[in-house]
Every structure is written in structure tokens, then in C-alpha cells.
2 protein chains.
Amino acid sequence: MTELTDKEKMTRIRNVLPPDEELYDLAEVFKVFGDQTRVKIMYSILRGELCVAEISDVLEMTQSAISHQLRILKNAKLVKSRRDGKVIYYSLDDDHVAQILRIGTEHLEEQNEKGEE
Amino acid sequence: MTELTDKEKMTRIRNVLPPDEELYDLAEVFKVFGDQTRVKIMYSILRGELCVAEISDVLEMTQSAISHQLRILKNAKLVKSRRDGKVIYYSLDDDHVAQILRIGTEHLEEQNEKGEE
DNA sequence: TGTACATATGAACAGATGTAAATATGTTCA
DNA sequence: TGAACATATTTACATCTGTTCATATGTACA
């Protein structure tokens with residue numbers, strides 16, 4: 001068991017980190033989660049697909065604002081779409097999205113409980 | 001089995017959504033995850049605590065920049081700290097943080113696999 | 001007490017972000 | 001084809017965010 005110098009310790013930790021590009025992409029994904037409107041959209045389609053107009057109705061926001069946010073969600077592959085005639089239905093893209101929402105919510109609840117003690 | 005009017009359908013969905021304040025807080029938490037520097041910090045302390053100077057070393061960023069981001073992480077309860085003399089050690093606050101990082105990474109990997117097909 | 005060291009904070013600035021308004025695209029159906 | 005409808009896109013703008021630089025706070029130890 002040899003002792004590590006500080007420099008060696010830092011190098012080791014640096015080597016364990018995922019590559020910069022991966023960390024960048026990861027931050028980009030979370031950035032997409034980090035907006036109230038987009039969180040609301042994801043929650044509103046958590047139990048099943050909705051079209052743009054329905055989402056606008058539910059959130060009481062303009063069609064333009066919703067459409068912009070849907071594009072961002074779709075680019076990040078958090079949401080997918082399906083066309084049926086004029087109407088386009090949106091739903092969550094994969095199960096990770098719902099999982100992240102759930103764990104985030106759990107985190108909040110746990111922190112709230114801690115705060116009450 | 002009665003048919004629902006569009007208005008009733010929207011009202012139902014709206015009623016299933018968590019309260020606005022909760023969705024706001026949730027977005028705020030994800031916002032904190034949504035920065036490359038903060039993601040790097042969280043990853044660097046994933047396997048054990050590090051002090052501010054060590055994190056600065058690993059990420060090759062100024063002490064000030066790291067300290068600012070640590071405060072944001074701490075306010076969001078994603079990170080906790082422990083003082084030992086002059087030195088302050090930081091570590092992840094609860095297991096949800098690591099879980100969210102992991103699921104986010106899984107999501108990216110899965111999307112990359114899909115893209116390769 | 002005073003010096004050295006570790007970390008935190010405040011101000012300022014460049015760059016990024018979300019929304020509304022207007023307009024464009026794409027689809028259906030007469 | 002053209003009118004009507006659903007959604008997407010462009011532009012513009014106000015607001016927010018991360019970093020640097022300078023400085024303050026807090027701790028240990030002589």
C-alpha cells in the first residue's frame with residue numbers, strides 16, 4: 001500500500017470522471033428539465049399523449065410558447081411525437097424521463113421532511 | 001361509461017398535475033443540475049468528499065468559480081459540507097443526487113445506441 | 001495578536017434563455 | 001384548388017446566469 005501524492009490523487013479523480021463531452025451532454029439534458037413550462041408539459045403527458053392545443057389549454061399558455069418548448073424537449077429526446085391528420089400528439093420518449101421526474105420529486109419531498117424536523 | 005367533453009378532459013388533467021409551487025421547485029432543482037461545471041463537481045465528489053482546493057485542481061478552474069457553484073449546489077441541498085480546521089469538505093447530500101446523475105447518463109447512452117442503428 | 005492559508009462574497013459584464021407577436025408551413029376537405 | 005385549421009418558425013427583447021476580479025471572512029498557529 002503506497003501513499004499517494006496530492007498530484008497523483010487529483011490525477012486519479014480526473015481519470016475517473018466521464019469525458020468532457022459526456023458531461024457537457026448530461027448538463028444539456030438537465031438544462032432541458034430545468035424550466036417550469038417544460039416540467040409542466042412533461043407532467044401533463046406523463047399518463048398519455050396530448051396534442052399541442054390540449055397542452056396549451058391545460059397550461060393556459062400560448063400555442064407558440066408550447067410549440068417552442070416542445071421542440072426543445074424533442075431535440076433533447078425527452079419527448080416524441082406522432083402525427084394523426086392535422087393533429088400532432090406528444091408523449092414522453094422513454095422511461096428515463098418519468099424516472100428522473102419521480103426521483104427529483106422524491107428528493108424534494110425528502111428535503112421538505114428534513115426541513116420540518 | 002360517460003363521454004368526457006374536451007373541457008372536462010382538460011380539467012381532469014389539470015387536476016392531476018402537482019401544484020404549481022411543487023413544479024416550480026422541481027424545475028429549480030433540475031436547473032441546478034443543468035450546468036457543466038456543477039455536473040463536474042457532483043461527479044468529482046461522487047466517490048467521496050473533496051475540499052474546495054481539490055475540486056478546483058481537478059476541474060482546473062478558479063477557486064472563486066468553484067466556490068460560487070458549491071454555494072448554489074448547497075442551497076439546492078444537492079451537496080453538503082463539513083469543516084475540518086481551515087478546510088471544508090464537500091460531498092453529495094443524499095442518494096437521489098447520484099441516482100439522477102446515473103439515470104441521466106443512462107438516458108444519454110440509450111439515445112446514443114438508438115442513433116447508431 | 002498577527003500572519004498565512006482556505007474559503008466565501010460582492011460587483012460587473014458577456015452570453016444564454018423564455019416569451020409574445022407575426023408569419024410560415026403543412027394537412028384536410030369541400 | 002382554396003379555405004380552414006393545427007402546428008412550427010422567425011424576430012426581438014427583457015431577464016437570467018456563470019465567470020472573473022477584488023476583497024472579505026474565518027481558522028490555525030507561532
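Because only heavy atoms are used, hydrogens play no part in the values below, and waters and symmetry mates are left out as well, while side chains stay in. Residue numbers begin at 1 in each chain, while the letters A, B, ... track the order of the sequences. Predicted model, so just to flag it, every value in this text is computed and none were measured.
One atom, CD of B/Q69, and another, C1' of C/dA8, lie 13 Å apart when rounded to the nearest Å. The interatomic distance linking A/I66 (CD1) with C/dA20 (C1') rounds to 13 Å, in whole Å. Rounding to whole angstrom units, CD of residue A/E54 and P of D/dA6 are separated by 11 Å. Going from atom CE of B/M61 over to atom C1' of C/dA8 covers 16 Å, rounded to whole Å. A straight line from CG of B/D57 to P of C/dC5 spans 16 Å, rounded to a whole angstrom. One interatomic measurement links the two molecules: CG of B/L70 to C1' of D/dT19, which rounds to 15 Å at whole-angstrom precision. Nucleotide C/dC5 holds its C1' atom 12 Å from the CZ atom of B/R83, rounded to whole Å. The CZ-C1' distance, from A/R82 to D/dT7, rounds to 15 Å in whole Å.
Remark: A/E106 engages A/R102 in a salt bridge, criterion side-chain N to carboxylate O under 4.0 Å.
Checking D/dA6, C/dG18, C/dT9 against every side-chain atom of A/V87, the shortest atom distance belongs to D/dA6. Here the side chain of A/C51 is nearest to one of D/dT7, C/dT7, C/dG18, namely D/dT7. Of the candidate nucleotides D/dA8, D/dT20, D/dG26, D/dT20 has the atom lying nearest to any side-chain atom of B/S64. The side chain of A/R38 sits closest to C/dG18 out of C/dA8, C/dT17, C/dG18. Checked against D/dA6, D/dG18, D/dT10, the side chain of A/K86 finds its nearest nucleotide in D/dA6.
With sequence neighbours left out, A/D93 forms a salt bridge (charged side-chain N to carboxylate O under 4.0 Å, His left out) with B/K114.
At the phosphate of C/dG18, neither OP1 nor OP2 sits under 4.0 Å from any side-chain N or O atom of A/Q36. In this structure, B/S67 does not reach the C/dT7 phosphate: none of its side-chain N or O atoms is under 4.0 Å from OP1 or OP2. Look at B/T37 and you'll find a side-chain N or O under 4.0 angstrom from OP1 or OP2 of D/dT19. The side chain of B/Y90 contributes an N or O atom lying less than 4.0 Å from OP1 or OP2 of C/dA8.
D/dT19 has no stacking from B/H68 on its base ring, since the centres under 5.5 angstrom apart and planes within 30 degrees of parallel are not both found.
Side-chain contact between B/L26 and B/E22 is absent, with no heavy-atom pair separated by less than 4.5 Å. Between A/Y89 and A/L50 the shortest side-chain heavy-atom distance does not fall below 4.5 Å.
Within the structure, salt bridge (charged side-chain N to carboxylate O under 4.0 Å, His left out) pairs that include any residue of residues 64-92 of chain A comprise A/E49-A/R82 (at least two apart or interchain).
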Check against side chain to side chain contact (heavy atoms under 4.5 Å, CB included), B/V39 and B/D35: CA-CA 6 Å; B/V39 167; B/D35 174 79; over 6 Å; no
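The residue B/K74 sits apart from the nucleic acid: no heavy atom pair falls under 4.0 Å.
On a pure distance criterion of 3.5 Å, a polar donor-acceptor pair joins the side chain of A/Q63 and the base of D/dA8.
Taking the nucleotide of DNA chain C with the nearest heavy atom to each of A/T62 and A/E28, the more 5' of the two is matched to A/E28.
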